[in-house]
> 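The following block contains the structure, expressed as structure tokens.
All values derive from a computational prediction rather than experimental measurement.
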Amino acid sequence: MTRRRWLLGLAALVAVVLVGAGAVVATRLVSRPSPGPVAGPATPSPSATPTTPAPVTTSPTPPPGAGLKGPLNLLLVGVDTRVSVPGWEPHADAVLVLHVPAGLGRAYLFSLPRDLVVDIPAYPKAGYPGGRTKLTHAMSYGSRVPGDKAHPSTAQGYELLRTTVSRYTGLRIDAGAVITFGGFDKLVDTLGGVDLYVDQRVASIHRRPDGRYRDRSGSTYTGPQMVYQPGNRHLTGWQALDYARQRYTAGGDYTRQRHQQQLIRALARKILDQGLARDPDRVEQVVAALGKTLVYVGGGRRLVDFAYALGGLPAEKFVLVGLPGDAVGSGGSYRGEQLLPVGRDFLAALRGGDADAYLAAHPSLRVKN
């Protein structure tokens with residue numbers, strides 16, 4: 001079986017890049033010389049008939065995204081794409097929502113479990129009749145192209161996933177992005193690595209201490225393991241990706257969601273601490289590192305519009321939220337996950353504009369640094 005790579009954390013990094021790029025766009029626009037008034041003819045002599053036309057004024061060109069005042073909801077998806085397998089349907093392994101309230105002064109980032117049991121609506125374009133199953137399948141079912149199994153459509157898959165997430169959360173999705181695994185380690189290395197506090201011991205299933213992949217026979221891995229010990233650590237690209245993948249730890253997939261959110265915050269601070277907002281060349285390097293791994297879906301808006309709108313949002317205003325859940329069973333078999341009431345009530349508070357008050361009353365939902 002082709003080696004499976006998990007992408008938790010990668011999708012939300014798009015939001016970080018948008019913030020950094022937005023500040024650069026703003027810098028470039030405000031640094032442009034504004035057009036001066038159109039000069040009229042020289043002042044006539046007293047004997048001359050006054051023929052000077054009225055001064056011509058020009059309205060400044062509004063910046064990109066000037067009409068984006070919030071609230072905004074961005075859907076960020078990490079896709080398990082096995083590019084070496086012909087016709088492989090993409091699965092959504094990381095599903096994150098970035099909610100930015102009106103005023104664009106802060107943002108809330110939360111993950112939905114890939115195995116969350118949801119109602120997926122019918123999608124005639126892919127021939128899907130609808131059903132109740134795991135959230136991850138919305139991407140794969142939606143990607144199917146009738147009559148062409150060899151070429152599934154990631155864009156179609158995103159469309160069905162977006163509709164499913166919107167109906168579940170009650171949030172309108174304004175834009176989003178789909179990310180594949182390629183380029184993530186290069187992206188982190190472009191930033192010079194990332195400094196992260198590892199909050200629990202994590203042993204890698206996939207990697208050796210030197211970064212090579214462990215031997216695999218069926219579902220069993222053998223050989224020395226890379227181990228991430230608690231404490232302040234500096235991670236290279238492959239280490240950051242590997243650390244964000246591990247779900248066979250205490251806490252399972254919910255721990256993995258917490259770790260990938262912590263990684264996102266660390267990367268956001270790295271971007272801002274390096275002054276990327278004041279260095280267009282470095283931002284272009286970061287964006288170039290994503291390359292074809294990023295598929296942007298703007299809902300009629302350009303990426304630069306959202307970039308500019310979010311350009312003033314600092315990393316410390318990213319509030320990371322962990323939504324707890326538990327397993328759903330039927331007849332003794334595992335069907336998937338469901339959010340606990342405290343998590344579902346957070347979504348209601350978010351819709352009502354009361355997220356801060358709700359988090360103050362339920363501080364355990366905040367993901368710690």
> Within the side chain of Ser153, is there an N or O that forms a donor-acceptor pair under 3.5 Å with the backbone of Gln156?
yes

> Is there a path of hydrophobic side-chain contacts, each under 4.5 Å between heavy atoms of I/L/V/M/F/W/Y residues, joining Met139 to Val117?
no

> Got a sec, which residues hit ring-ring contact (aromatic ring centres under 6.0 Å, His included) with His362, two or more places apart in sequence or on another chain?
Tyr358

> Compare all side-chain heavy atoms of Gln262 with those of Val367 and state whether any distance is below 4.5 angstrom.
yes

> Check salt bridge (Lys or Arg N to Asp or Glu O under 4.0 Å) between Arg162 and all other residues, then give those that pass, not counting sequence neighbours.
none

> Under a 3.5 Å distance rule, please check whether Ser143 uses its side chain to pair with a backbone N or O of Ser140 as donor and acceptor.
yes

> With the side chain counted from C-beta on, respond yes when Leu96 and Leu112 share a heavy-atom pair under 4.5 Å apart, and no when they do not.
no

> Under a 3.5 Å distance rule, please check whether Arg344 uses its side chain to pair with a backbone N or O of Leu339 as donor and acceptor.
yes

> Which residues pass the ring-ring contact (aromatic ring centres under 6.0 Å, His included) test with Tyr108, not counting sequence neighbours?
none

> Between Leu320 and Phe110, is the side chain to side chain contact (heavy atoms under 4.5 Å, CB included) condition met? List the steps.
CA-CA 6 Å; Leu320 307 184; Phe110 62 91; over 6 Å; no

> Strictly by modelled atom types, are Gln239 and His234 linked by a side-chain donor-acceptor pair under 3.5 Å?
no

> Distance-only, no hydrogens or angles: does the Arg214 side chain make a donor-acceptor pair with backbone N or O of Ile205 under 3.5 Å?
yes

> Where do Pro324 and Val342 come nearest, in terms of heavy atoms and distance?
CG-CG1, 3.6 Å

> So, the side chain of Arg351 versus the backbone of Thr169: is there a donor-acceptor pair under 3.5 Å, distance only?
yes

> Below 4.0 angstrom, N of the basic side chain to O of the carboxylate: do Asp199 and Arg258 qualify?
yes

> For residues Tyr334 and Val328, determine if any side-chain heavy atom of one lies less than 4.5 Å from a side-chain heavy atom of the other.
no

> Would you list the atom pairs, donor with acceptor, under 3.5 Å between side chains in residues 121-130 and any protein atom, with sequence neighbours excluded?
| residue | atom | partner | partner atom | Å |
| --- | --- | --- | --- | --- |
| Tyr123 | OH | Glu159 | OE1 | 3.0 |
| Lys125 | NZ | Glu159 | OE1 | 3.4 |
| Tyr128 | OH | Gly131 | N | 3.2 |

> Judged by atom type as modelled, is there a donor-acceptor pair below 3.5 Å linking the side chain of Ser166 to the main-chain atoms of Leu171?
yes

> Check Val100 against Arg106 and note the closest heavy-atom contact, atom names and distance.
CG1-O, 3.4 Å

> Does any part of the side chain of His206, heavy atoms only, come nearer than 4.5 Å to the side chain of Asp242, both counted from C-beta?
yes

> Are Leu340 and Leu135 in one and the same hydrophobic cluster, where Ile, Leu, Val, Met, Phe, Trp and Tyr link if side-chain heavy atoms are under 4.5 Å apart?
yes

> Work out which heavy atom in Asp174 is nearest to a heavy atom in Pro71; give both atom names and the distance.
OD2-O, 4.0 Å

> Has the side chain of Glu337 got a donor or acceptor atom that lies under 3.5 Å from a matching backbone atom of Asp115?
no

> Looking at every non-hydrogen atom in both residues, tell me the closest pair between Val194 and Ala240 and how far apart they are.
CG1-CB, 4.3 Å

> Ignoring hydrogens, what is the shortest heavy-atom contact between Ala138 and Leu160? Give both atom names and the distance.
O-CD2, 3.4 Å

> Where the side chain of His91 meets the backbone of Glu89, is there a donor-acceptor pair that is under 3.5 Å apart?
yes

> Side-chain donor-acceptor pair under 3.5 Å between Gln246 and Arg207, yes or no?
no

> Please find the pair of heavy atoms, one from Arg208 and one from Thr222, that lie closest to each other, and give the distance.
NH2-O, 4.4 Å

> Name all residues meeting the ring-ring contact (aromatic ring centres under 6.0 Å, His included) criterion together with Tyr228; count only those two or more places apart in sequence or in a different chain, and write none if there are none.
Tyr243

> Any donor and acceptor pair, going by atom type alone, linking the side chain of Asn73 with main-chain N or O of Arg172 inside 3.5 Å?
yes

> Excluding sequence neighbours, so at least two apart, what forms salt bridge (Lys or Arg N to Asp or Glu O under 4.0 Å) with Arg212?
Asp210

